[in-house]
Amino acid sequence: MTTGTPGKYEPFGWHHWPDHFFMSYQFRRTLGETQEGGGAVSECFQAASRMIPGDLNSWHEEWLKVADRNDLKGDEAEKQGHIQTAMNCWLRATEYYRSAEFWLDANDPRRLPTFTKCENASHKWLKYLPGEVVEIPYEDGKTLPAYFIKSPVGGEQQPVLISFGGLDSFKDELWFMTGRGAVQRGIAVLLVDGPGQGGALRRQGIVSRYDYEVPVGKCIDWLEKRPDVDPKRIAVSGSSMGGYYAARAGSMEHRLAACISHGAIWDIEKRFADRGEGHALAGHMKWVIGANNMAEAVVKAKNFKLEGVLDHMKCPYLVLHGGHDVLGVETVQLVHDYAKSKGVNVTLRLTSAEETGAEHCQHDNPTLGQEIMIDWLADIFGIDQRKLFA
C-alpha cells in the first residue's frame, strides 16, 4: 500500500518512498542485489507494495513472507532433485531474511530467529555450490563465523579475498557484494562475520574493535594452514564501516598482499558524533560498538580513525566510493590524499550517476562494484582472466 509522494529515480538510484529516506535506501539495497541472485525484481516490488510506508513492522512482515516462500520452495525443489532451482530459491531467501531482520531492535525476540533463518538458507545453498561453513578461532574460546568458497577456475592453490561487511552488513550478504565476483575471476573468498557483525555479535556478543588487524590476522592464520591457499596472495576488503576495518588491517597486518576500502571512512568517532539518538541507524551504532547511548558510542569510537595509521600501509590499496553516496563523500579525498602523501600505492575510484553504482557501496548496482574491485584485485594478483576462459 505505497502512498505519499511517488517514487522517483535519483542520482543514487531508485528512491521508492521519497517521504521515508532510509526505508527507501534499504529497499534500494535489496533491489540492487537481485542482479547478483539475491532476489527477484518482481518479488521486491510485490513486498514493497504491501508495506505501510514508514512502518518498520510491516517491512519485517512482508520481507519475511517472500523469504519463507522462497526457502520452502527451495526445500521442495531439492526433494524433487531440482538442485539449481533449490539453490536459486535459498539464495533469494537469504537476502530477504537479511532485509527482514534489518530494522528489528537488537533485543527484539524476532531478530535472532530471523537471522538464523538467513544463515540456514545460506548453509543449504552453500552445500551445493560447494562452499564451507567454518568457524575461525578468535579469542577466549570464541570464534568468527565464516564461509569459505573456492573458485571453480582458481586452480589448486588459490589466492583469497577476506571480505568483511560494515555497520550492518554481514557474511550472508557479502556474496552479492564481493564474493560472486571474486570466484568468477579465479579468487577464493572467506566471507567473515568479524567483531560487531552477524553471528559474532548476535550469538557471542563480540562487539567491534578499532584494531581490526587482530581478527584479520586470525583469518590469515587459518588460511595459511590450508594447502589449497596461496599465502602470498591474500587480500582484505571491507564495505561501508568495513572500509575503515580493511584500511586499518591493511596498514597493520603486513601479510596482506592488497587492501580494498569499499566505502571510505576517515574517522568513525567524528561520524558517530554527527549523529544523535534520533538517527535512523543509531540503534545499529550502539549495538555494534557496545554502547548504551550515542554519547557513549562516540567515546568508544575514539580510536577508530586512520590518521597515523595509513602511514604504515605497504600493500596496494583501492578506495572505491559511490559518487552520490547518501552517507556522504566528504572524507574520500582525504583518505586518498593522506595515503598518497605517505607513499602508499593508492587508487581512488568514484562511481558516477551516469554509469550507476553511485550509491553507498554501489547498493544500486553491486555488479559494477564487484567489477571494479575484483578486476583491480585480479590484476594485483597477476591473474590473466583471458586464460580462465580459454
Mind running side chain to side chain contact (heavy atoms under 4.5 Å, CB included) on L190 and W222 for me, showing each step along the way? CA-CA 10 Å; L190 184 65; W222 185 85; 3.9 Å; yes
Whether E95 and R98 form a salt bridge (side-chain N of Lys/Arg under 4.0 Å from carboxylate O of Asp/Glu) is what I want to check.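 A salt bridge links R98 with E95.
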According to salt bridge (Lys or Arg N to Asp or Glu O under 4.0 Å), who are the partners of [X], at least two apart in sequence or on a separate chain?
| X | result |
| --- | --- |
| K8 | E10 |
| D311 | K342 |
| R209 | E139, D211 |
| E61 | none |

Set of residues satisfying ring-ring contact (aromatic ring centres under 6.0 Å, His included) with respect to [X], sequence neighbours excluded:
| X | value |
| --- | --- |
| H123 | Y147 |
| W90 | none |
| F381 | none |

Test question: given the 4.5 Å side-chain rule for I, L, V, M, F, W and Y, name all other residues clustered with L64, or answer none.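 Cluster partners of L64: Y97.
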Cluster partners of L112, using ILVMFWY side-chain heavy atoms under 4.5 angstrom, listed by chain and number?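 F115, F170, all in the cluster of L112.
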Apply side-chain hydrogen bond (donor to acceptor under 3.5 Å, both in side chains) to W59 and list each qualifying residue two or more places apart in sequence or on a separate chain.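 Listed in chain order: nothing, the list is empty.
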Suppose the criterion is salt bridge (Lys or Arg N to Asp or Glu O under 4.0 Å): which pairs have a residue in residues 214-223, not counting sequence neighbours?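 The answer is D221-R255.
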Strictly by salt bridge (Lys or Arg N to Asp or Glu O under 4.0 Å), give each pair with a member in residues 111-124 just once, sequence neighbours left out.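 Every pair satisfying salt bridge (Lys or Arg N to Asp or Glu O under 4.0 Å) with a residue in residues 111-124: D68-K117, D71-K124, D75-K124, E101-R111, E119-K171, E119-R203.
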